[in-house]
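Input: a single structure, listed below in structure tokens.
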Amino acid sequence: LDFITIQNEVEQLLQYRELTPRLEEALGKFSRRDSAEVIQPVRTTVPLQKHSGFLGVMPTYMENDGVLCTKFVCFYKREEGSTLPATKATVMLLDPEYGNVKAVMDGEVITGMRTAAVSAISAKLLMRPEAEVLTILGSGLQALSHYNVFTEMFSFKEIRVWSRTRQSAEGFCRSVSGPVTVCASVEEAVRGADAIVTVTRCTEPVLFGQWVKPGAHVAAVGACRPNWRELDDVLMKEAVVYTDSREGAMAESGDIILSGAEVFAELGDVINGVKPAHRDKTTVFKSLGMGVEDAVSAQLVFDQWKAKASLP
């Protein structure tokens, strides 16, 4: 019943080129609603009122693949300038037959990379092929992981960033490998952009539809509570809205719940050929994150760790 702890190695064991196709396959499996493929309840949340946060518990069982996993994630509404983390996560991989824990992993890298990779899958499916300008709103760990996978998968001619403080935006620019333009306002950052990634801590709309170029693709990652928002009503109602999980979005996404916007499809529906990808229209992918994404990522880390451990 021994289990392993994988912390610092996760970043070396997880690569987008292997992770992204596995996530794309997992999104398709989830949207088929076949209990032998994926059983994944909507995330359970426990309020941490004293600390303005929540504990989210995200179990998943993939019977055909023999994967049993759960993630514990704490996420917080932090005050401006706070040095405390906005999220902290731990992923546990279990043996579905015996019930014992096989591995405990630091969830920070897994969460950052799987979230960014799913956003990139949304762009692959929904963004116009001739897209040239990428805007990232936010400058934290998710901004960095999104920059890494978007520049690995696509060729943008210009990348812009906005953050609440110029200092944070400039720090982000120093941490990445290519040229990035720092913008003084959200409007300046998103005007004319073909793809927009929102990875902010905002709880009120920061991206307004009147600024968004018709036909742009928005990957909205922040605002994971039913009363938190990043996008305004105009954008939500004018765009074709896709999500990772319809049930998750209706329970947790303030952008969808408060705007009354209709969810057109899950990404898995597009992958499965059940619903079309409206590349010609303005599209929003509302990402809440799913347990199946963590399960696939954790299994890949575990497989890579085992392969590495068996080397002479």
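No experiment lies behind these values; they were computed from the predicted model shown.
Side-chain N/O atoms of Lys71 and Thr60 include no donor and acceptor closer than 3.5 Å. Checking Thr165 against Ser168 by side-chain atom types alone, a donor-acceptor pair falls below 3.5 Å. No side-chain donor from either of Thr283 and His278 sits under 3.5 Å from a side-chain acceptor of the other. Side chains of Glu152 and Asn148: no donor on one and acceptor on the other come within 3.5 Å.
For Glu262, the CD atom is loosely surrounded, since the number of other residues' heavy atoms within 6.0 Å does not exceed 12. More than 12 heavy atoms of other shown residues, nucleotides or ligands fall within 6.0 angstrom of atom CG in Leu68.
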For this session: Decide yes or no on side chain to side chain contact (heavy atoms under 4.5 Å, CB included) for Leu137 and Ile196, but give the supporting numbers first.
Result: CA-CA 8 Å; Leu137 303 180; Ile196 302 166; 4.3 Å; yes
For this session: Give the C-alpha distance, both sets of side-chain angles, the deciding distance and a yes or no for salt bridge (Lys or Arg N to Asp or Glu O under 4.0 Å) between Glu238 and Lys281.
Result: CA-CA 9 Å; Glu238 287 184 353; Lys281 298 179 180 177; over 6 Å; no
Problem set entry | salt bridge (Lys or Arg N to Asp or Glu O under 4.0 Å) between Glu266 and Arg246, worked out | CA-CA 7 Å; Glu266 294 176 345; Arg246 194 179 288 269; 5.0 Å; no
Exercise. Taking it one step at a time, do Glu37 and Glu63 satisfy side chain to side chain contact (heavy atoms under 4.5 Å, CB included)?
Worked result: CA-CA 6 Å; Glu37 293 271 27; Glu63 185 169 279; over 6 Å; no
For this session: List the steps and the verdict of side chain to side chain contact (heavy atoms under 4.5 Å, CB included) for Cys74 and Phe72.
Result: CA-CA 7 Å; Cys74 291; Phe72 303 94; over 6 Å; no
Exercise. Can Asp194 and Arg128 be said to form a salt bridge (Lys or Arg N to Asp or Glu O under 4.0 Å), step by step?
Worked result: CA-CA 8 Å; Asp194 302 293; Arg128 291 184 174 180; over 6 Å; no
Problem set entry | Full working for side chain to side chain contact (heavy atoms under 4.5 Å, CB included) between Leu134 and His146 | CA-CA 11 Å; Leu134 168 68; His146 277 75; over 6 Å; no
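In terms of heavy-atom proximity, Leu235 sits nearest to Gly209 at CB-CA, 3.7 Å. Taking all atoms of both residues into account, the shortest heavy-atom contact from Lys29 to Val38 is CB-CG2, 4.0 Å. Minimum interatomic distance between Gln304 and Leu13 (heavy atoms only, all atoms of both residues): CG-O, 3.4 Å. When every heavy atom of Cys202 is checked against every heavy atom of Ala223, the shortest pair comes out as O-CB, 4.3 Å. Summarising the geometry of Cys183 relative to Trp162, their closest heavy-atom pair is O-CD1, 3.5 Å, with the distance given to 0.1 Å. Nearest heavy atom pair, residue Glu188 against residue Val182, reads OE2-O, 4.5 Å.
Geometrically, Arg33 engages Phe30 in a cation-pi contact defined by less than 6.0 Å to the ring centre and at most 45° from the axis. Seen from the ring of Phe264, Lys275 counts as a face-on cation partner, given the 6.0 Å and 45° thresholds.
Taken from CD in Gln210 to CZ in Arg191, the straight-line distance is 6.5 Å, to the nearest 0.5 Å. A distance of 10.5 Å separates NZ in Lys88 from CG in Leu84, rounded to the nearest 0.5 Å. The NE2 atom of His51 sits 9.0 Å away from the CZ atom of Arg78 when rounded to the nearest 0.5 Å. Atom CH2 of Trp211 and atom CD of Glu187 lie 5.5 Å apart (nearest 0.5 Å).
Side-chain contact between Leu94 and Asn100: absent, with no pair of heavy atoms (C-beta onward) separated by less than 4.5 Å.
Below 30°, between 30° and 60°, or above 60°: for Phe172 and Tyr147 the angle between ring planes is above 60°, a perpendicular geometry. Using bins of under 30°, 30° to 60° and over 60° for the plane-to-plane angle, the ring pair Phe54/Phe75 lands in the parallel bin. Between Phe302 and Trp305, the ring planes are parallel. Angles under 30° get that label, and only those over 60° would be called perpendicular.
Contact check on Glu24 versus Arg22 returns no salt bridge, with no Lys/Arg side-chain nitrogen under 4.0 Å from an Asp/Glu carboxylate oxygen. Ion pairing between Asp255 and Arg229 holds under the 4.0 Å rule for side-chain N and carboxylate O.
Judged by distance alone, with hydrogens and angles left aside, the side-chain atoms of Glu230 form no donor-acceptor pair with the main-chain N or O of Pro205 at under 3.5 Å.
Just one of Thr90, Leu14, Asp294, Leu93 meets the side-chain contact (heavy atoms from CB on, under 4.5 Å) condition when paired with Met105; it is Leu93.
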